[in-house]
Amino acid sequence: MGEISEGKVKITAPAGVFYNPEMELCRDIGSLAVGALGGKLSLVDAMAASGVRGLRYKKENRNVASLTLVDLSPKAVATEKKNARANKVKCECVYADANKFLYENEFDFVELDPFGSPMPFLNDAVRSFKTKKKGYLSVTATDMAVLCGAHHAACLKNYGAMPLDNEFCHENATRILAAKVVLTAAPMNFSATPIFTISHRHYVKMIFALEQGAEGAVAAVKQNGFVSYCEKCCYRETARLPRKQDCPSCGTRMVHGGPVYLGALWDEKLLEKMLKLNVQRKYRRSKEIEKLLSTMKQEGAIASYGYYDLHKLAKKMKTSISSMDDAIGKLKRAGFAASRTHFCPTAVRTDAPHEAVLKVLCK
Ligand SMILES: C[S@@+](CC[C@H](N)C(=O)[O-])C[C@H]1O[C@@H](n2cnc3c(N)ncnc32)[C@H](O)[C@@H]1O
Ligand SMILES: [Zn+2]
């Protein structure tokens, strides 16, 4: 591959060194989040490949005080060094196993961007905060099929969770990931709180604020629970433990998923700062980023688990629902909060109870 230009860096990625142009937006958003966090961060990109992500984080953000790039491939490390030199970015490039390296070192911001699931690296990533009072953990998972319920056994094995293959499976995926991060951090006396979440194409990326303290860790674990769902009428509810077997709306036996994280997925102030930075930076895909972040801001303000896919709801309830804007308008006029969701272009997020959704949209 010839020279690649992304954000503020220009890199090369020879054959055998991983580089996926489709993840540019993920790296744009990661860089915006790092910039929006402020402070002075020591940052490690623990699976750096060409180094493009970490190099962008440092070159584009003044608050990255130091950068370390790690990879288990010697060719990747040689490429990182070359790319760092070419972009005049001061950093350490280390040939190491991420787990061993994280266990032995300490950072403010840990980036985990592996092939597939980040779970095999999670323990040592949390350990790497060691004596820190606070830190940030950013994880990307590309095993969406597993998290969305196409492979139950793999989800049980990797996340200790039952997935749900339903219309809000992408949100479930992020909440399964978050629940597992919370449960991994808690025994090490860290609370993990999601501050940013994106589900896009084949991946989900979440950033967590970690804070040391047993009380906070317990409070974080108490945010985990289960989701129950009716395949027949789309009824859904959440609870610390599943309470009902049968759907209160239509009487059908429900399915259960979890553990899932039941708390907020975004920090509103962080989103606002990211939106402002996006305007200044003029990334190639800034319009798409603006749309995504604005939608997250709207949906993040609504207390709800999951969303209603209008096609699916109309089909199940044997009715027709005119359009997204119309549906959102009707729900708002009925006194409920309603918005689009970045998880699905044909779905509506609302705080309306299920019976009200059926009444407002399906009758
Ligand atoms: C998906 S790529 C990273 C992509 C990169 N962050 C980017 O944005 O372009 C995963 C990288 O992890 C590396 N890797 C795999 N197992 C590793 C391990 N145990 N420790 C460190 N690096 C590892 C691979 O060599 C590969 O370069
Ligand atoms: Zn039902």
Side-chain angles (χ1 to χ4, degrees), residues 16-20 23 26-27 30 34 41-55 57-58 64 66-81 84 91-144 146-147 154-161 174 176-192 194 203-212 217 220:
V17 175
F18 183 86
Y19 172 78
N20 183 357
M23 295 298 271
C26 179
R27 289 184 282 267
V34 167
L41 303 173
S42 57
L43 190 149
V44 63
D45 183 353
M47 277 148 240
S50 68
V52 60
R53 187 182 285 272
L55 292 171
Y57 285 4
K58 181 139 193 250
V64 179
S66 71
L67 170 68
T68 307
L69 303 175
V70 179
D71 206 287
L72 194 51
S73 146
K75 198 168 180 183
V77 178
T79 306
E80 288 159 16
K81 284 183 181 160
C91 70
E92 219 186 312
C93 302
V94 186
Y95 165 66
D97 178 272
N99 279 330
K100 186 167 185 295
F101 186 79
L102 290 168
Y103 184 82
E104 290 168 352
N105 293 279
E106 190 171 58
F107 299 93
D108 298 315
F109 189 109
V110 176
E111 179 72 42
L112 284 185
D113 184 21
F115 298 125
S117 171
M119 287 306 117
F121 305 98
L122 197 57
N123 264 295
D124 291 304
V126 175
R127 281 236 182 276
S128 73
F129 296 102
K130 295 183 187 68
T131 62
K132 300 256 174 206
K133 284 209 163 60
K134 277 172 72 175
Y136 300 102
L137 173 63
S138 170
V139 295
T140 308
T142 55
D143 55 340
M144 279 307 265
V146 170
L147 285 161
C155 195
L156 272 177
K157 173 180 77 66
N158 290 347
Y159 296 91
T174 65
I176 286 172
L177 174 64
K180 184 66 179 172
V181 172
V182 164
L183 289 174
T184 305
M188 294 183 235
N189 278 336
F190 276 99
S191 61
Y203 68 89
V204 35
K205 175 174 187 61
M206 296 189 80
I207 305 177
F208 297 86
L210 267 70
E211 207 166 324
Q212 198 158 148

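For this chain, numbers begin at 1 and follow the sequence in order. All heavy atoms count here, side chains included; hydrogens, waters and symmetry mates do not.
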*Asks:* When you check the gap from the basic side-chain N to the acidic O, do Lys205 and Glu111 get nearer than 4.0 Å?
*Replies:* yes

*Asks:* Distance-only, no hydrogens or angles: does the Thr140 side chain make a donor-acceptor pair with backbone N or O of Asp113 under 3.5 Å?
*Replies:* no

*Asks:* Is it the case that the side chain of Lys58 and the backbone of Thr68 share a donor-acceptor pair, with hydrogens and angles ignored and the cut-off at 3.5 Å?
*Replies:*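 Answer holds: no.
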
*Asks:* By side-chain contact (heavy atoms from CB on, under 4.5 Å), which residues pair with Ala84, not counting sequence neighbours?
*Replies:*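 Listed in chain order: Leu55, Cys91.
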
*Asks:* Please determine which of Ser42, Ser128, Ser138 meets the side-chain contact (heavy atoms from CB on, under 4.5 Å) test together with Val110.
*Replies:*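 Of the listed options, the one satisfying the test is Ser128.
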
*Asks:* Only counting residues at least two apart or in another chain, list the ones meeting salt bridge (charged side-chain N to carboxylate O under 4.0 Å, His left out) with Asp108.
*Replies:*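 Salt bridge (charged side-chain N to carboxylate O under 4.0 Å, His left out) check on Asp108 returns Lys132.
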
*Asks:* Name the orientation class of the two ring planes belonging to Tyr136 and Phe109 (parallel below 30°, tilted from 30 to 60°, perpendicular beyond 60°).
*Replies:* tilted

*Asks:* Measure from the side-chain N and O atoms of Asp71 to the backbone N and O of Ala76, and report whether any donor-acceptor pair falls under 3.5 Å.
*Replies:* no

*Asks:* Using modelled atom types only, decide if a donor and an acceptor are shared between the side chain of Asp124 and the backbone of Arg127 within a distance under 3.5 Å.
*Replies:* no

*Asks:* Quick one: does any side-chain atom of Asn99 pair with a main-chain N or O of Pro120 as donor and acceptor, under 3.5 Å?
*Replies:* yes

*Asks:* Testing the 3.5 Å rule here: is there a donor-acceptor pair between the side chains of Thr131 and Glu106?
*Replies:*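 Yes.
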
*Asks:* For Asp143 and Tyr159, test the side chains for any donor-to-acceptor distance below 3.5 angstrom and give the result as yes or no.
*Replies:*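 Yes - a donor-acceptor pair under 3.5 Å links their side chains.
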
